[in-house]
Amino acid sequence: MLKIKNLHVNVEGHEILKGINLEIKPGEIHAIMGPNGSGKSTLASVVTGNEDYEVTEGEIIMENEEISELAPEERAHKGIFLSFQYPIEIPGVSVMNFVRTAINETRKARKQEKMSGKEMLKLMRENAALLGIDQKFLQRSLNEGFSGGEKKRNEIFQLAMMDPKLAILDETDSGLDIDALRVVADGVNKLRRDDNATLLITHYQRLLDYIVPDYVHVLMDGKIVKTGGKELALKLEDKGYDWLKEMQNA
Amino acid sequence: MDLKDKLISSYSSLENQGDKELLTIRNEALKIFETKGFPTKKEETWRYTSLRPVIKEDYNLFPKTEQNLSFEEIEKYLVDDLDAYRMIFVDGVFSEKLSQLTEDKFEVSALSAAFQNEKYEEIIKKHFNKIRPQDDSLSALNTAFSREGAFIYIKRGQALDKPVQLLYLSTANESAMMLQPRNLVVIGENAQAKIIERHQSLNENPVFTNSVTEIFADKYAVVDYYKIQKDKENSTLIDNTYVDQADNSNVSIQTFSLGGKLIRNHWKAAQNGERIDTTFKGVTLLNGKQQVDHVTLVHHAQPNNESHQDFKGMFDDKSKGVFDGYILVDKIAQKTNGYQKSDNILLSDRAIAHAKPQLEIYADDVLCSHGCTVGQVDKDALRYLRTRGIPQKEAYALMMYAFCSSVLTSVTIPELQKNADAWIAAKLGVDMGFHD
């Protein structure tokens, strides 16, 4: 589904990613872990088209198409979704209106009919229930005055509504208490199918107790230094990142 | 001959029907205009606005009126799907054929007809030209020349069952045209009215409209007044609106300013009672070289009153916005709450927004605030919307809409609100709804 080949990325002249290789196949869950400043969020941003990041070398291929020149909305139309680490507050745009616009603009781009109001409402109701979201919540201005947990839950609600091929969850666990984390993880697990994939970006292992990855990659200083199964996450939790650093330097 | 001379020399050729008192009012008004002339940039409130390009045109002052417009031709200038009374004026003349008024139920008629009607003599004497600032030159000019407009008189305890739409059309077929409509709105004790006003040219020739509206709201009266300002590129509108409010009355005036060369809203409200609420609002969305001014004065002359001003402006290309808001609180006007806000977004490097809030407060127990902002669209928010699949143009539109939603959502006529959404979408070049 997604292939990243030798990806080098600059931000304001500094090289942040220094040759990333990654392949995610349908049905898989990948986790990227790493210390702060290792380039995890940069990877999420550059795959979803943040224009502040400059790809200097390498390729990002989504379903056999090179996408690194595409606008963020075009990538969304191809089925890439980013759950933001820091969702933006937009007063005056309700959650409902935002989601409806996002879905219908995506369908327009895919030359599909608009979703009927009835269908939209039904889907919203189902997904709100899935994530334990009150209907009233949908009338509120997007992220305005939301708690950290509400913001993250709202991101996963949007994920459920947009039903993307590839979901990238950037630090979705940060700011969530354990109950909220369980609800969010349950939601993500229920959305899992053979034809979609998930990329989790996280600093801590905790999230991976609830969403079990097929692969764990460790990103350090702009490179993937180790890849393993879910047991790698436990080892990192136990031993921290320093042993990997030492291995690198050795 | 310049426009001022042309106006003065043509004054004598005007028919002067009506009584001597009215003639005296007109003669005196002409004298004021003769002395003061058109305002120039030297005047403080005209610092950012020049009438020079407007008054250099050769306007036809007394257009021939051929009222052969059909309703189908003008229907698109009325609010869609709105069941309303309507008064239609074509080149300054009331069109009975195109209008639809209430049959005896409410006193809504052409002002010229009201002048001729004995039963309104007292009410007109009491109100006509009474709150216009006497030394103001443009409204004086209107007073001297205006012969027609709307007369809306809602008696005590009555609530107008439908909004009234006032539509002032100018054909300007052969040449530029100057129009000076005059409205008198008297809303009695505990009476209510909703009014929608629009000026529309049907031709590309320049049109200069210098309008005056006097609004009187008696005790407990409620008035919602909407001004649709989306005329053609060559049109200029000076809207002089004066409000006088008695105890417990509530008057709200709101603009939708989307088109025209120059629109200048020059509004004054005097609170001559207690527990009064005055609201001035506006949404301005401009491009090209358009300019819109909101020059407001709220005079808190008595204690325990409120005023709310909220203007949202969005300016693209070389367009310009001016907000000049003045809150005056007299010494006896304790417990005044006066709020004033002007928020602006510049969408181009060459667009300009001038904001000049002014407070003059003589009472010591008041709550007054003013805030003016000039900014740009939040790039992070745009990115967030685009990452969700909303294309750049649509994302901009959604942000613009969100920016002015506090003003739009307070519209009390749902059909008008729906129309306003569509106008904004059209102006932003998108095909989308903004509501749930």
Side-chain angles (χ1 to χ4, degrees), chain A residues 44-45 47-53 70-84 86-110 114 117 120-121 124 138-144 151 155 158-159 161-162 164 168 170, chain B residues 256 281-285 310-314 341 343-345 371 373 375-411 417-418 420-422 424-425 428-436:
Chain A
S45 296
V47 171
T48 50
N50 186 327
E51 286 152 350
D52 294 345
Y53 297 80
L70 295 186
E73 58 267 31
E74 292 172 309
R75 302 185 199 209
H77 301 157
K78 296 214 167 293
I80 301 177
F81 180 94
L82 173 64
S83 169
F84 281 71
Y86 303 109
I88 313 291
E89 300 192 7
I90 307 185
V93 177
S94 70
V95 173
M96 198 181 245
N97 186 17
F98 171 59
V99 170
R100 196 202 53 186
T101 308
I103 288 178
N104 281 333
E105 290 299 333
T106 299
R107 291 175 79 113
K108 200 199 275 176
R110 292 175 182 164
K114 273 189 181 177
M120 185 81 71
L121 268 179
M124 284 198 185
L138 305 179
Q139 312 282 352
R140 286 171 62 186
S141 275
L142 189 59
N143 295 320
E144 190 188 25
K151 282 183 182 169
E155 291 292 291
Q158 292 168 37
L159 164 68
M161 290 299 298
M162 302 292 293
I168 303 173
D170 189 4
Chain B
F256 304 93
K281 286 188 176 187
V283 172
T284 302
L285 175 55
D310 190 2
F311 292 94
K312 307 289 184 201
M314 294 156 279
K341 241 163 92 70
D343 296 318
N344 304 283
I345 289 187
T373 62
Q376 272 132 17
V377 177
D378 180 355
K379 287 213 166 72
D380 289 334
L382 267 181
R383 177 181 301 144
Y384 187 53
L385 297 173
R386 292 179 69 194
T387 304
R388 288 287 173 270
I390 302 172
Q392 182 151 320
K393 205 165 160 191
E394 280 73 13
Y396 255 106
L398 203 54
M399 294 291 296
M400 296 288 104
Y401 189 85
F403 171 73
C404 59
S405 66
S406 71
V407 174
L408 286 172
T409 51
S410 64
V411 174
Q417 193 179 341
K418 212 174 148 199
D421 286 3
I424 289 170
L428 294 168
V430 296
D431 174 21
M432 65 192 293
F434 298 107
H435 282 283
D436 299 340

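FYI, side chains are in, hydrogens and waters are out, and symmetry mates aren't considered; it's all heavy atoms of this structure. Below, read A as the first sequence line, B as the second, and so on, with proteins coming before strands; counting in each chain starts at 1.
In terms of heavy-atom proximity, B:Arg388 sits nearest to A:Thr106 at O-OG1, 3.9 Å. Between B:Ala402 and A:Val93, the closest heavy-atom pair is CB-CG2, 3.4 Å. Of all non-hydrogen atoms in A:Thr101 and B:Met432, the two that sit nearest each other are CG2-CE, 3.6 Å. Contact record, B:Thr387 with A:Ala76: O-CB, 3.3 Å, taken as the closest heavy-atom pair.
Within 6.0 Å of atom NZ in A:Lys108, more than 12 heavy atoms from other residues, nucleotides or ligands are found, so the atom counts as buried in its surroundings. Within 6.0 Å of NZ in B:Lys312 there are more than 12 heavy atoms belonging to other residues, nucleotides or ligands.
Heavy-atom pairs under 4.5 Å with chain B peak, among A:Pro164, A:Gly117, A:Gly92, at A:Gly92. Looking only at heavy-atom pairs under 4.5 Å with chain A, the residue among B:Met399, B:Arg386, B:Glu394 that has the most is B:Arg386. Your options are A:Leu82, A:Leu142, A:Thr48, and the one with the most heavy-atom pairs under 4.5 Å with chain B is A:Leu82.
B:Lys393 contributes atom NZ, which lies 12.5 Å from atom CD of A:Glu73 (distance to the nearest 0.5 angstrom). Considering CG of B:Leu398 and CD of A:Glu105, their distance stands at 9.0 Å, rounded to 0.5 Å. Atom OH of B:Tyr384 sits about 10.0 Å away from atom CD of A:Glu89, to the nearest 0.5 Å.
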**Request:** May I have the step-by-step check of side-chain contact (heavy atoms from CB on, under 4.5 Å) for B:Leu385 and A:Phe98, ending in yes or no?
**Result:** CA-CA 8 Å; B:Leu385 297 173; A:Phe98 171 59; 3.1 Å; yes

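Remark: B:Arg383 engages A:Asp52, B:Asp380 in a salt bridge (charged side-chain N to carboxylate O under 4.0 Å, His left out) (not counting sequence neighbours).
Contacts between A:Asn143 and chain B at a heavy-atom distance below 4.5 Å involve the side chain alone, from C-beta outward. In this structure, the portion of A:Gln158 lying under 4.5 Å from any heavy atom of chain B is its side chain and not its backbone. Contacts between A:Ser45 and chain B at a heavy-atom distance below 4.5 Å are absent for every atom of the residue. Contact of A:Ile103 with chain B is not made at all, since no heavy-atom distance falls under 4.5 Å. Neither the backbone nor the side chain of A:Lys78 has a heavy atom closer than 4.5 Å to any heavy atom of chain B.
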